[in-house]
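Worth knowing before you read on, the calculation uses all heavy atoms, side chains too, and leaves out hydrogens, waters and symmetry mates.
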Amino acid sequence: MKRDRVIKTLCLGIAHFIDKNGYQAQVYQKHGERIRYLVPDVTGQTEHFRIKYDADVKIVPKSKLGRLWHTLVALLTYRPHNVELYLTGYMALPYALLAKITGRNLIVILRGLEFKSHRTTWYYALILKMSDLIIAKEFYLNEGAVRLKLGHKTHMLHNCVPCVSDVVPSYADRNIDLLFLNTPRRMRHVLFLVDVVAKLLERNPGLKVTIAGFGVLDEKYNSIELDYQRDVLHKIEALGLKDKIELKGFVRNAPELMSASKVFILPADVIYCNYALLEAMSCGCVPVVADGEGARLVVEDEVGGFVRTLSVPAFVDAVESALQPEMWDRCSGNARRKIDEEYSIESWYAGICNIRGQI
């Protein structure tokens, strides 16, 4: 790949442009690269974040034909060196075919449930075999690509985030005690989380708790496990907690919400480099997480947070320990240091440059 000209990248396959996309757009721009995003904007949030990050984002029609037409036009007029394709949905194959037909480097990014369904694995496998490079964001995704005999072109590159601020609010300046901020899904055990919160509120009725990310609370939302989200809301109401927990849908101000929170909780099966977890730690939240995949690579137990088995008493004790001012001060500082030293957005950029250099 020639380095004496501006590298141009076209990003396809994301439903909307939000903070985590903005982080990458900014680091590309900082290093003189150009990246353009084509986004159908399923939640209506893209314009806000496009302006926030001054990013090159084009909102395209939601119809399949409209998206294909805009993709073809972008490939022929923007003339990118690379196409970064997030492997999401049945539009992925037409995108991949257009990238290869027009002679672009095809970099496929695995980020979630690509190998969870037998109905889609064969379809995604076809796309992966067409790709020049595969980037897996989590261990089980890397293992899935290896099982397909694609290990020779698959690389691990975990999520990273920028440092939110050099100065973070103190313990006393944070008015939310416990925060969950992720799309509620079965693999994140949010029904279990409600049991933890119920016990915490029983022991300390004055605790301030926020659970955010419910698509079903938004006018426009991603259709991700909506029945499960409704089950969580029904359980909260059945336990009489509706007026004791602040419930939010998609939030535009995630760093502000995290900076106002003391403890960030994530009882998920996969902890490794969850974006919201990294953001929260960068904001100085003390993490309390399940002992899921990669948990101890991110959270240093009782040094920069707490790693616990999925047990209500264990999580309750960990949250109460994290809320002790002296413990919070120590863990908060260590959590921020962990992000700065191992999960900075600059390290992500160095990683993707190294990977692309192998094309």
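The closest side-chain donor-acceptor pair between Asn142 and His155, if any, does not fall under 3.5 angstrom. For Thr88 and Arg111, the side-chain atoms include at least one donor-acceptor pair closer than 3.5 Å. Looking at Asp19 and Tyr53, their side chains do bring a donor and an acceptor atom within 3.5 Å of each other. Under the 3.5 Å distance criterion, with hydrogens and angles disregarded, no donor-acceptor pair is assigned to the side chains of His16 and Thr46.
The local environment of CG in Leu65 is sparse, with at most 12 non-hydrogen atoms from other residues, nucleotides or ligands closer than 6.0 Å. When the shell of 6.0 Å around NZ of Lys244 is examined, it contains 12 or fewer heavy atoms from other residues, nucleotides or ligands. Within 6.0 Å of NZ in Lys52 there are more than 12 heavy atoms belonging to other residues, nucleotides or ligands. The number of heavy-atom neighbours closer than 6.0 Å to CZ of Arg186, taken from other residues, nucleotides and ligands shown, is above 12. Around NZ of Lys100, the count of heavy atoms belonging to other residues, nucleotides or ligands within 6.0 Å exceeds 12. Counting non-hydrogen atoms of other residues, nucleotides and ligands closer than 6.0 Å to NZ of Lys235 gives a total above 12. No more than 12 heavy atoms of other residues, nucleotides or ligands shown are found within 6.0 angstrom of CD on Glu326.
No side-chain donor-acceptor contact under 3.5 Å links Tyr95 to the backbone of Leu12. Side chain of Ser332 to backbone of Asp329: no donor-acceptor contact under 3.5 angstrom is found. For the pair Ser131 (side chain) and Ile134 (backbone), a donor-acceptor distance under 3.5 Å is absent. At distances below 3.5 Å, not a single donor-acceptor pair connects side-chain atoms of Lys208 with backbone N or O atoms of Ile245. The backbone N or O of Leu217 sits nowhere less than 3.5 Å from a side-chain atom of Lys248 that would complete a donor-acceptor pair. Side-chain N or O atoms of Asn354 include none that pairs as donor or acceptor with a backbone N or O of Ala350 at under 3.5 Å. Panel note: side chain Arg188, backbone Thr183; a donor-acceptor pair is recorded below 3.5 Å. A distance-only check finds a donor-acceptor pair linking the side chain of Arg174 to the backbone of Ser261 [under 3.5 Å]. Judged by distance alone, the side chain of Tyr349 and the main-chain N or O of Gln24 form no donor-acceptor pair under 3.5 Å. In this structure a side-chain-to-backbone donor-acceptor pair under 3.5 Å is present from Asp301 to Val307.
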> Between Arg104 and Arg79, does a side chain to side chain contact (heavy atoms under 4.5 Å, CB included) hold up when you go through it step by step?
Replying inline: CA-CA 8 Å; Arg104 310 304 168 194; Arg79 301 178 63 81; 4.3 Å; yes
> Checking side chain to side chain contact (heavy atoms under 4.5 Å, CB included) for the pair Ile265/Leu179: CA distance, chi angles, key distance, verdict?
Replying inline: CA-CA 6 Å; Ile265 191 165; Leu179 172 68; over 6 Å; no
>> Walk me through whether Lys30 and Glu346 qualify under salt bridge (Lys or Arg N to Asp or Glu O under 4.0 Å).
In response: CA-CA 10 Å; Lys30 177 181 176 181; Glu346 287 293 337; 2.7 Å; yes
>> Using side chain to side chain contact (heavy atoms under 4.5 Å, CB included), reason through Leu128 and Leu87 one step at a time and then give a plain yes or no.
In response: CA-CA 9 Å; Leu128 293 172; Leu87 200 55; 4.0 Å; yes
>> Working note: Asn159 + Asn274, criterion side-chain hydrogen bond (donor to acceptor under 3.5 Å, both in side chains); need CA distance, chi angles, decisive distance, verdict.
In response: CA-CA 7 Å; Asn159 295 326; Asn274 175 277; over 6 Å; no
>> salt bridge (Lys or Arg N to Asp or Glu O under 4.0 Å), that's the test. Do Asp41 and Lys62 meet it? Break it down for me.
In response: CA-CA 8 Å; Asp41 191 28; Lys62 294 182 178 67; 5.8 Å; no
> Could you walk me through whether Thr154 and Val146 pass the side chain to side chain contact (heavy atoms under 4.5 Å, CB included) check?
Replying inline: CA-CA 8 Å; Thr154 301; Val146 170; 5.7 Å; no
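For the residue pair Ala295 and Ala290, the shortest heavy atom distance occurs at CB-O, 3.3 Å. Among all heavy-atom pairs drawn from Glu84 and Thr9, the shortest one is CG-CG2, 3.7 Å. Of all heavy-atom pairs spanning Cys160 and Ser344, the tightest one is CB-O, 3.2 Å. Of all heavy-atom pairs between Gly249 and Asp218, the closest is CA-OD1, 3.6 Å. Of all non-hydrogen atoms in Trp328 and Ala322, the two that sit nearest each other are CB-O, 3.3 Å.
Linking ILVMFWY residues whenever their side-chain heavy atoms come closer than 4.5 Å, directly or via other members, places Met156 and Ile359 in the same cluster.
Residue Thr102 holds its OG1 atom at 8.0 Å from CG of Leu72, rounded to the nearest 0.5 Å. Of the inter-residue distances, the one linking Lys20 atom NZ with Leu278 atom CG reads 11.5 Å to the nearest 0.5 angstrom. Distance check, rounded to the nearest 0.5 Å: OH of Tyr272 to OH of Tyr140 gives 13.5 Å. Here Tyr28 contributes atom OH and Ile35 contributes atom CD1; the two are 5.0 Å apart, rounded to the nearest 0.5 Å. For the atom pair Ile107 CD1 and Arg356 CZ, the distance stands at 6.5 Å (nearest 0.5 Å). Atoms OG and CG, from Ser282 and Leu277 in turn, are 11.0 Å apart once rounded to the nearest 0.5 Å.
Annotation: cation-pi geometry satisfied between Lys8 and Tyr78 (NZ/CZ under 6.0 angstrom from ring centroid, within 45° of ring axis).
Legend: residues meeting ring-ring contact (aromatic ring centres under 6.0 Å, His included) with Tyr343, ordered by chain and number and at least two apart, are His158. Residues satisfying the ring-ring contact (aromatic ring centres under 6.0 Å, His included) test with Phe17, not counting sequence neighbours, are Tyr37.
Between Arg337 and Glu341 no salt bridge is recorded (no basic side-chain N to carboxylate O distance below 4.0 Å). Ion pairing of Glu302 with Arg330 is absent here, as no side-chain N (NZ or NE/NH1/NH2) approaches a carboxylate O to less than 4.0 Å. With salt bridges taken as basic N to acidic carboxylate O contacts below 4.0 Å, one links Asp291 and Arg296. A salt bridge does not link Lys199 to Glu320: none of the charged side-chain nitrogens sits closer than 4.0 Å to a carboxylate oxygen.
Taking the ring centroids of Phe315 and Phe192, they lie under the 6.0 Å cut-off.
Two residues are said to be in side-chain contact when any heavy atoms from C-beta on lie closer than 4.5 Å; Ile352 and Leu157 meet this criterion. Between Arg67 and Leu38 there is no side-chain heavy-atom pair separated by less than 4.5 Å. Contact of the Leu247 side chain with the Leu233 side chain is registered, since non-hydrogen atoms from C-beta on lie closer than 4.5 Å.
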